[in-house]
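Since the model is a prediction, treat every value here as computed from it, not as a measurement. Within every chain, numbering begins at 1; the chains are lettered A, B, ... in the order of the sequence lines, protein sequences first and strands thereafter.
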2 protein chains.
Amino acid sequence: MIELEQLQHLVTFQECQTLSKAAKQLHISQPVLTRSMQKLEEELEVNLFNRTKNKIAFNETGLLAVSLAKRILDDTKDMKKQLVDFDRKLHTFAIGSCAPAPLSYLSRKFSQFYPQRTLLTEIKDMYILIKGLKEKDYTIIIMPYDIENEQIESIPFMEEQLFFSLPLNHPLAHKKSISLKEMDGEKMLLMSNIGFWNDMHKKTMPHTKFLIQNDRSVFYDLVELSTLPSFTSDYVMKTEIMPQNRVIIPISDAQSHATFYCWYLRENESQLRTLLYHL
Amino acid sequence: MIELEQLQHLVTFQECQTLSKAAKQLHISQPVLTRSMQKLEEELEVNLFNRTKNKIAFNETGLLAVSLAKRILDDTKDMKKQLVDFDRKLHTFAIGSCAPAPLSYLSRKFSQFYPQRTLLTEIKDMYILIKGLKEKDYTIIIMPYDIENEQIESIPFMEEQLFFSLPLNHPLAHKKSISLKEMDGEKMLLMSNIGFWNDMHKKTMPHTKFLIQNDRSVFYDLVELSTLPSFTSDYVMKTEIMPQNRVIIPISDAQSHATFYCWYLRENESQLRTLLYHL
DNA sequence: AAATGTTACGGTTTACGTAATTATC
DNA sequence: GATAATTACGTAAACCGTAACATTT
């Protein structure tokens, strides 16, 4: 049977033009190449070269063989790549979320129960999440409302309440609670990549200019050093150290509260049971 | 590097479902297959199977691997076939002719000078011959007229003269020569596959009914046993044994004589020199 | 003299099959 | 007890690199 190694030799030979150069490039000795090419000709039952005493050159058939060999070698390299990709996808647990807090929570849970598995997490728009769940790009998606149908099941696992974080000398700093509307129009600091909260802010506070920060530590520095109002949440306050020069005031609107649900395909229920049980 | 043998093992395993059956089919021992599959997994850096103590079954990745492997194996089998075909075509000498006599003559010459090469001969319509020569389906074509242009050269190498072959008691049997027109209207015996002569007969003797014979020996039997007129030629008379109960009479028309030319592409002149020189 | 390809030879590696082992039906 | 897969082990085949050789530039 022909072997891929021989085809690789053939292609390298063609690229290098002489057996000796090809041998160097392949890190083998010339005699090996001589024999390899002889064997290939035997197995293919065709002459691939014009040989003189100390010269060996490709004939037409040989050149055709090179082009066919290249294709086969490419295919096998592709094969490996495809399999590795497929396998990774198979063993990767992908979580898509509409917000950062529940994703952070679920990630931690996940790594407790499946420490060896690869985890992929994303914050995306909700319509993308739903599409991705159906197409099995996500094993689980995190949504701020529930659902129940033939394919999809959802279970609630976490709540999050937003607060305003105001500097001590802010005019509203003394209040017990503040509505979104009351704050609308002020400049505010905001983290980027906060999922559906972003949409909520834009809708409920259309006159506010949000100063978006990508970097979390820069965001915290700005919160501490500037006098700009910002948002925080009960989850963030539990998990992060909060600055001292701020007043935390509840937001009165219902939109500032979310219940997060795990959505998953019923067909995957068995493999998810452990995780779901411990949420 | 992955080897094709491993891929073949993989595919056979999938077809047989167990390693032992696959081993039998491949005429090797189980341990070889066990190791072969282990090595394949190592090289691909993926698990292809679900193993229990005495069971090994394909997982999803394994099944994908099988389908990819099949494609590669098919490609390599194709590769061999393509190369053999290409090589044969490269080494095949193809002669197309407008008539049987010069083809028979040239074939004999050819096998004298290139006894080891494969020869392919065909009698075809002249427009097909010219097309085939240009497209290199034919190395040489035999035509009843000459040509001379940039690509094609022609050299005359043989003449053929047709005769009527009449039974002894035929009304015209006594004549020194006969024209085609004189015989037009009579039933005649004719060999099939006689190339351009066929067109000539149809044109010059539109009222004659030709009784076409495929088999040469049947044709000769009929010539000998029937009283139907037929054609023969100087070439045929030289190479075949002629029946005794016939009169051979020259045909007076110019169309009954042909000079045959070898046409070939100038670019092939060097490889044809030996043959052309000895025509 | 330098470079190229092929053949010869010796030693190591590889790879095979048999046999033994473990597990399942 | 029969079948299946894996592991262990000794032997035979394969393969590689060095060296020697033959040609060519």
Colleague: May I have the distance from B:Met37 (atom CE) to D:dT7 (atom P), rounded to whole angstrom?
Modeller: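 That distance rounds to 15 Å.
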Colleague: Above 12 or not: heavy atoms from other molecules or residues under 6.0 Å from CZ of A:Arg51?
Modeller: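 Buried by this count: over 12 neighbours within 6.0 Å.
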Colleague: Given the side-chain rings of B:Phe93 and B:Phe110, with only the six-membered ring counted for Trp, is the space between their centroids under 6.0 Å?
Modeller: yes
Colleague: Between A:Phe58 and A:Phe13, how do the two ring planes meet: parallel, tilted or perpendicular, split at 30° and 60°?
Modeller: tilted
Colleague: Rounded to the nearest Å, what distance is computed from the CD atom of residue B:Gln30 to the C1' atom of nucleotide D:dT6?
Modeller: 10 Å
Colleague: Among D:dC16, C:dT6, D:dT6, which nucleotide sits nearest the side chain of A:Val32?
Modeller: D:dC16
Colleague: B:Ile56 side chain: which of C:dT6, D:dA5, D:dG17 is closest?
Modeller: D:dA5
Colleague: Tell me whether the rings of A:Phe260 and A:Trp197 are parallel (<30°), tilted (30 to 60°) or perpendicular (>60°).
Modeller: perpendicular
Colleague: Please check if atom NZ in A:Lys131 has more than 12 non-hydrogen atoms from other residues, nucleotides or ligands closer than 6.0 Å.
Modeller: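 Atom NZ in A:Lys131 is not packed in, count stays at 12 or less.
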Colleague: What is the separation between atom CD on A:Gln6 and atom C1' on D:dC16, rounded to the nearest whole Å?
Modeller: 15 Å
Colleague: Would you say A:Glu159 and A:Tyr235 are linked by a side-chain donor-acceptor pair, where the criterion is simply a distance under 3.5 Å?
Modeller: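 Side-chain D/A pair, A:Tyr235 to A:Glu159: absent.
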Colleague: According to a strict under-4.0 Å criterion, is B:Arg35 in side-chain N/O contact with OP1 or OP2 of D:dT6?
Modeller: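 No, outside the criterion.
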Colleague: Give, ordered by number, those residues of residues 13-20 of chain B having at least one heavy-atom distance below 4.0 Å to an atom of DNA chain D; if nothing qualifies, reply none.
Modeller: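 Nucleic-acid contacts, sorted: B:Thr18, B:Leu19, B:Ser20.
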Colleague: Rounded to the nearest angstrom, tell me the gap between atom NZ in A:Lys24 and atom P in C:dG5.
Modeller: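 Checked: the NZ to P distance equals 11 Å.
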Colleague: What's the shortest heavy-atom distance between B:Asp146 and B:Ser154, and which atoms?
Modeller: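 Between these two residues, the closest heavy atoms are CB-OG, 3.4 Å.
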Colleague: Whole-Å distance between D:dC15 P and A:Leu40 CG?
Modeller: 14 Å
Colleague: Out of the candidates A:Gln6, A:Met1, A:Glu5, only one should pair with B:Leu4 under the side chain to side chain contact (heavy atoms under 4.5 Å, CB included) rule; please name it.
Modeller: A:Met1
Colleague: Provide, to the nearest angstrom, the distance between the NE2 atom belonging to B:His27 and the P atom belonging to C:dA15.
Modeller: 21 Å
Colleague: Just wondering, more than 12 heavy atoms not from A:Glu43 lying within 6.0 Å of its CD?
Modeller: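 Yes, the 6.0 Å shell around CD holds more than 12 heavy atoms from other groups.
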Colleague: Looking at B:Ser29, does any N or O in its side chain come under 4.0 Å of the phosphate oxygens OP1/OP2 on C:dC16?
Modeller: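 No, because none of the side-chain N or O atoms of B:Ser29 sits under 4.0 Å from OP1 or OP2 of C:dC16.
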Colleague: Look at the side chain of A:Thr34 and decide which nucleotide, out of C:dA15, C:dG5, D:dT6, has an atom nearest to it.
Modeller: C:dG5
Colleague: From CD1 of A:Ile28 over to C1' of C:dT12, roughly how many Å is that when rounded to an integer?
Modeller: 17 Å
Colleague: Roughly how many Å is it from CZ in B:Arg51 to C1' in D:dT7, rounded to a whole number?
Modeller: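 So the two atoms are 13 Å apart, to the nearest Å.
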Colleague: C:dT7 phosphate, OP1 or OP2: any side-chain N/O from A:Gln38 under 4.0 angstrom?
Modeller: yes
Colleague: Please tabulate, one pair per line, each protein N/O and nucleotide N/O from nucleotides 21-25 of chain D that are separated by under 3.5 Å, including the distance.
Modeller:
| from | atom 1 | to | atom 2 | distance (Å) |
| --- | --- | --- | --- | --- |
| D:dT23 | O2 | A:Asn54 | ND2 | 2.8 |
| D:dT24 | O4' | A:Asn54 | OD1 | 3.2 |
| D:dT24 | O4' | A:Asn54 | ND2 | 3.0 |

